[in-house]
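Have a look at the structure below before the remarks.
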Amino acid sequence: MSEIAYIALGSNLGDRHAYLSRAREAIAAIPECRVAATSAVEETAPLGDLAQPPYLNQMLAVETTLAHPDYLAWFN
C-alpha cells in the first residue's frame, strides 16, 4: 500500500533554483518513491530579525511504499 508524504523544500543561499532542482531529483531517485506533484516555486522573505536573503520554497507530494520511519531516514 502506498502513502503520500508531503515534503517542504527551501533554499536561500547560492543557486537556489539549482538546489531545489537537485533536491527534487534526489527525492525522485529514492527507491519506492515517486514525486506525484509539485507546487510552484515561491520566493518568501525570511522570518525574524536576521539579515539574510529571501528563500525559494516548494512543496512536493511523494507517493511511497516505504514505511513511515523508513522514508524519514532518507532525510536525516
Straight-line distance of M59 CE to T38 OG1, nearest 0.5 Å: 11.0 Å
From L56 atom CG to E42 atom CD, the distance as rounded to the nearest 0.5 Å: 10.0 Å
Partners meeting salt bridge (Lys or Arg N to Asp or Glu O under 4.0 Å) with R34 (sequence neighbours left out): E63
Results of salt bridge (Lys or Arg N to Asp or Glu O under 4.0 Å) for E32 - residues two or more places apart only: none
Under 3.5 Å, which donor-acceptor pairs link side chains of residues 45-55 to any protein atom two or more places apart or in another chain?
unit_1: Q52; atom_1: OE1; unit_2: N12; atom_2: ND2; d: 2.9
unit_1: Q52; atom_1: OE1; unit_2: Y55; atom_2: OH; d: 3.4

Heavy-atom pair of closest approach, residues [X] and [Y]:
X	Y	value
G10	N57	CA-OD1, 3.7 Å
I4	A61	CG2-CB, 4.1 Å
S11	Y19	OG-CD1, 3.3 Å

Partners passing side-chain hydrogen bond (donor to acceptor under 3.5 Å, both in side chains) against S39 (at least two apart in sequence or in another chain): none
Note, I30 side chain near V62 side chain (heavy atom, < 4.5 Å): no
Listed once per pair and sorted, the salt bridge (Lys or Arg N to Asp or Glu O under 4.0 Å) pairs that draw on residues 5-14, sequence neighbours left out: none
Residues 20-28 side chain polar contacts: donor-acceptor under 3.5 Å, at least two apart:
unit_1: S21; atom_1: OG; unit_2: E25; atom_2: OE2; d: 3.4
unit_1: R24; atom_1: NH1; unit_2: Q58; atom_2: OE1; d: 2.7

